[in-house]
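Values below: all heavy atoms of this structure, side chains included; hydrogens, waters and symmetry mates excluded. Each chain gets a letter, A, B and so on, in the order the sequences are listed, and its residues count up from 1.
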Amino acid sequence: MPELPEVETMRRGISRIAGRRITGLHVPRSRLKPIRFEPAPAAFRRRAVGHTIEAVERLGKRVVLRLDGDLAVVFEPRMTGLVLLAEPPDTEHLRLGLRLNGCGAPWLWYWDRRGLGSVRLLSRAQLQADLGPHRLGPDALELSLPVLRARLGSSRQPIKVALLDQRRLAGIGNLYASEILHVAGIHPQRPCDRLNSRQWRAIHAALRQVLREAIRCEGSTLGDGTYRNALNRPGSYQNHHRVYQRQGQPCPRCGRGQVCRTVQAQRATFFCPRCQRPGRRRPKR
DNA sequence: ATTAATGTTCAGAA
DNA sequence: TTTCTGAACATTAA
């Protein structure tokens with residue numbers, strides 16, 4: 001579930017570790033199936049220990065520690081991964097600890113309940129090959145309106161589905177796609193290539209508004225309570241959700257429509273059928 | 001007890 | 001080229 005706002009919150013929460021050196025690695029033994037670890041823990045330890053964290057960055061939905069020596073540690077939380085400076089929620093699902101030099105919180109943890117995420121140590125070349133611009137589109141937060149339109153405008157995909165494509169633009173996931181389109185007043189099934197300039201402007205504005213507000217709230221902690229910031233505290237944007245997982249409830253915008261749940265590309269989509277009209281068919285000549 | 005649902009990414013197919 | 005489908009995994013709710 002961590003999407004751009006949650007991952008950005010993680011990044012900010014651990015940014016203070018910049019300048020510290022990795023002095024050790026702890027990989028808890030567990031009965032669970034191990035997460036994707038690259039390279040294997042022994043080689044990871046050999047190559048990472050001794051290097052200094054020069055910067056803490058975000059690439060789409062991933063947290064990247066830039067190390068000296070052209071190395072990078074990439075955390076990819078996918079569904080349930082957390083990057084923490086505080087004590088993890090439990091030890092059962094703890095996957096990795098990085099010991100750092102200096103006083104204060106000397107451990108950086110990676111915790112992942114479902115274990116779909118990964119931790120990788122990559123060279124600059126590997127990072128470029130795996131997460132370069134041909135694999136990841138421009139960051140959703142820094143996207144200008146013309147770039148947004150250039151990257152989505154000619155697609156025949158429904159707008160909701162296109163917003164989730166990380167090669168087109170990076171950072172938006174299932175929750176925020178529904179929220180953004182509700183704020184923009186656009187039906188999620190509308191094909192990209194049939195949106196007009198006014199509608200692209202609305203999507204661009206809504207995208208920025210929703211993501212910024214969600215970051216301010218430190219992300220959304222859903223019902224299962226999995227997502228936490230780096231200090232193991234929940235976000236609060238779930239209290240501002242307009243449509244996500246609110247099917248059957250009245251639309252907070254018009255007050256009259258009932259929020260609908262549908263499925264697109266095997267993912268749940270939420271929208272108000274009254275505020276988000278499918279739009280007219282192409283005018284007859 | 002079984003099944004569905006959860007959301008992200010990738011491999012492989014259409 | 002573009003788009004679509006299923007699998008990966010752990011847990012909870014129905």
Does the protein touch nucleotides 8-14 of chain B at the base, only the backbone, or not at all? Give it as B, S and - per nucleotide, heavy atoms under 4.0 Å. BBS----

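- In terms of position along DNA chain C, the nucleotide closest to Val161(A) lies nearer the 5' end than the nucleotide closest to the other residue of the pair Pro34(A) and Val161(A).
- Considering Glu3(A), Glu142(A), Glu8(A), Glu76(A) in turn, Glu8(A) is the only one that fulfils the salt bridge (charged side-chain N to carboxylate O under 4.0 Å, His left out) rule with Arg58(A).
- His93(A) and Asp112(A) are not linked by any side-chain donor-acceptor pair at a separation below 3.5 angstrom, with hydrogens and angles left out of the test.
- Between Arg31(A) and Glu92(A) there is a salt bridge, with a side-chain nitrogen of the basic residue lying less than 4.0 Å from a carboxylate oxygen of the acidic one.
- Note that SG of Cys275(A) and CZ of Arg242(A) are 11.5 Å apart. Values are rounded to the nearest 0.5 Å.
- At the phosphate of dT3(C), OP1 or OP2 sits under 4.0 Å from a side-chain N or O atom of Arg168(A).
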Output, in order, the C-alpha distance, side-chain angles, deciding distance and verdict of ring pair (Phe, Tyr, Trp, His ring centres under 6.0 Å) for Phe271(A) and His182(A). CA-CA 6 Å; Phe271(A) 69 102; His182(A) 180 258; 9.5 Å; no

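- Remark: Leu108(A) CG to Leu96(A) CG distance equals 7.5 Å, nearest 0.5 Å.
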Protein-nucleic acid N or O pairs under 3.5 Å, nucleotides 11-14 of chain C:
from    : atom 1 : to        : atom 2 : distance (Å)
dT11(C) : OP1    : His93(A)  : NE2    : 2.2
dT11(C) : O4'    : Arg113(A) : NH1    : 3.4

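- Put simply, CZ on Arg167(A) is 11 Å from P on dT1(C), counting in whole angstrom units.
- Of the N and O atoms on the side chains of Gln238(A) and Tyr227(A), not one donor lies less than 3.5 Å from an acceptor on the other residue.
- Two residues, Gly115(A) and Gln157(A), neighbour DNA chain C, and the one matched to the more 5' nucleotide by heavy-atom proximity is Gln157(A).
- Distance Leu222(A) CG to dT6(B) C1': 9 Å, rounded to the nearest Å.
- For His134(A) and dT2(C), the NE2 to P distance is 15 Å, given to the nearest whole Å.
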